[in-house]
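In what follows, a single structure is set out as structure tokens and then discussed.
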Protein chains: 2
Amino acid sequence: MPAPTPPDRYTVRSVQRALRVLEIVSSEPVSGMSLTEISQALGASKSTTLATARTLTAHGILRSIDPGPRYKLGTALIRYGDLASQQSPIGEVCLPILREVSAATGMTARMALAEQGYPVCIERIDGPGTIRFHAPLGRREPPHATAAGKAMLAMLSEERVSEICRETGLRRHTAHTITDVATLFVELDAVRRRGYAVDDEEEVDGVFCIGAPFFDHNGACAGAISVTGIKHDLPGWKLAEMGRLIGHHADEVSKLLGGPGFLEVSSRLSRVTGAPSGRVEAER
Amino acid sequence: MPAPTPPDRYTVRSVQRALRVLEIVSSEPVSGMSLTEISQALGASKSTTLATARTLTAHGILRSIDPGPRYKLGTALIRYGDLASQQSPIGEVCLPILREVSAATGMTARMALAEQGYPVCIERIDGPGTIRFHAPLGRREPPHATAAGKAMLAMLSEERVSEICRETGLRRHTAHTITDVATLFVELDAVRRRGYAVDDEEEVDGVFCIGAPFFDHNGACAGAISVTGIKHDLPGWKLAEMGRLIGHHADEVSKLLGGPGFLEVSSRLSRVTGAPSGRVEAER
DNA sequence: CCGAAGTGTTCGGTACTGCCGAATCAGGTT
DNA sequence: AACCTGATTCGGCAGTACCGAACACTTCGG
């Protein structure tokens, strides 16, 4: 009994499989994976897996380490990753500003793009501090539990935010995560008033972020920049002071993209929602 | 008349095609490519190309920008690239050292892995200078025309070097490129004596590099670190002084990898080749 | 020292997938 | 409005890319 409805007409199964292989291999951080391990995780025969792996290897997407070939991610991915961040001219534009932010705050500075409402970090400048946390690039981060995410959500319509909340389910990450829509809306309102968002141990315990959105030439929120640090050794900065700094630099990014500053966007927003906008302009 | 010999039994054609799509899209730096453009470059029908592109897009490898969908590299590639450089723990280990080198010299510091004799840069720390050149990651660079390449070649057997030369054909990049095997061997000998390699406008006009090899726990040359700068505004450094600095830091990398220092390797080499080793130890 | 069990690799045959081409649809331009 | 460019849809055949089973090879354990 052949399936009467092809799963998806516009999809290439072998390519999908290849991409799943990539996913599988990337999940094994350091030691690489053997062919059988991959084929088991993939649920396909070894011969199929071998052909796929060979093809990927020939293009440098994987590399096989003898003996007893173990597969790891190949250097071509590094190249493509590098090219991908260049294809967003935003990344290029942001780097000097991130460097400035990192130098001024001594923290790790990051830039995230808005990808269907989710923040995806595409650039990062580590601070001089010795402590490093795993801040991977290219990962969709939880919108409700990160500074960049909340900065971006605050610029979206109430309906869109609700939609995103339904998708993610407002998953709890730490004791401080906002897991309830009403509270989130209050928080987003505060973000709009202040011009920057704060993540106070809401995604990772002991870690603290401040983020502010930037805007492209259409006036849409294109992403956010943020700084990340260990809460414990947060230096003598005042929160508001640092928030203003990040906001200022986010506006610089907007300007480079030909977009409006936060002030402009926010006054437009508050005119629509009818909220008083006085505080906004006073703050930033 | 179907080809009696299948092109390659152990290869998946649709995956190959997909990877060629990736290659094609990555070649268009900024504006993205339309479906027809891709399908023309690919030499396949639009329907086929569409299915492939859709599959890649669904996994975040490409992203399609409306209107009139134009395809660009997706953020998943950034993630994989990041993971790939972490899967080489060498990259992780090197970063602080690269930072140090960059800070000490004011130039762009880079780290290349040895991939079948070719240098592939996987990490880079830009110097504070304003001038930036395109130093892409993950690309196989010409071994005979770069400092990192020559540093690595100098650690290989004469036969292996000849082999690589045959492969590349010692292509000329600038007026200063070494295009003849005999000259290259003399140069490599000098590299072995000095402990560092110099690329004096041999790959790109006006650009200047110094590189030194590092070694893994098997004592094999695993790669090289190098600094790159504009020849014109090369500061008041003495060449030998900077060479020693790079060499010193390369040795630090070796140590972190559990490998021998340059001195150790080079004395072993010269014992084999019978060349006098006195100079080597005096230099570094 | 020799088996046994685990690898990775090769190869036939066949079901089905993924290819092409032509037709349709959408949007912008003259 | 008619045109044109480009994206999308769909039918149908061909070939390919699956699977399974047999074959090498290494690594243990007895």
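Protein chains get the first letters and strands the later ones, always in sequence-line order, with residue 1 at the start of each.
In this entry the distance linking CZ of A/R70 with P of C/dT9 reads 13 Å, nearest Å. Atom-to-atom, CD of A/Q16 to P of D/dA17 comes out at 15 Å; the value is rounded to the nearest Å.
For the pair B/E37 (side chain) and B/S34 (backbone), a donor-acceptor distance under 3.5 Å is present. Without hydrogens or angle criteria, A/S85 side chain to A/I122 main chain gives no donor-acceptor distance under 3.5 Å. A donor-acceptor contact shorter than 3.5 Å is absent between the side chain of B/R70 and the backbone of B/S64.
OP1 or OP2 of C/dC19 sits under 4.0 Å from a side-chain N or O of B/R17.
Mapping A/Q40 and B/T48 onto DNA chain C by nearest heavy atom places A/Q40 closer to the 5' end of the strand.
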(request) Please step through salt bridge (Lys or Arg N to Asp or Glu O under 4.0 Å) for the pair A/R160 and A/E163, ending with a clear verdict. (result) CA-CA 5 Å; A/R160 186 72 187 102; A/E163 217 174 288; 3.1 Å; yes
(message) If you apply the rule salt bridge (Lys or Arg N to Asp or Glu O under 4.0 Å), what do you find for A/R110 with A/E123, and how did you get there?
(response) CA-CA 6 Å; A/R110 307 200 295 147; A/E123 293 286 1; over 6 Å; no
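Between B/M111 and B/V253, every side-chain heavy-atom pair lies at or beyond the 4.5 Å cut-off. Using a 4.5 Å heavy-atom threshold, the side chains of A/Y71 and A/V21 count as separate. In this structure, B/K72 and B/L62 have side chains that are not in contact, with every pair of non-hydrogen atoms separated by 4.5 Å or more. The shortest distance between side-chain heavy atoms of A/R139 and A/V120 does not fall below 4.5 Å.
The residues B/R17 and B/E23 are annotated as not salt-bridged, no charged nitrogen and carboxylate oxygen being separated by less than 4.0 angstrom.
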Please write out each protein N/O paired with an N/O of nucleotides 3-8 of chain D under 3.5 Å, distance rounded to 0.1 Å.
unit_1, atom_1, unit_2, atom_2, d
D/dA7, OP1, B/L35, N, 2.9
D/dA7, OP2, B/T36, N, 3.1
D/dA7, OP2, B/T36, OG1, 2.6
D/dA7, N7, B/K46, NZ, 3.3

Using the 3.5 Å cut-off, write out each protein N or O paired with an N or O of nucleotides 24-27 of chain D and the distance between them.
none

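Within the nucleic acid shown, A/S14 comes within 4.0 Å of sugar-phosphate atoms alone, with no base atom in reach, counting heavy atoms only.
For the 3.5 Å distance criterion, the side chains of B/T48 and B/S45 qualify, holding a donor opposite an acceptor.
Axis angle between the ends of the helix from C/dC1-D/dG30 to C/dT30-D/dA1, five pairs each and rounded to 10 degrees, works out to 30°.
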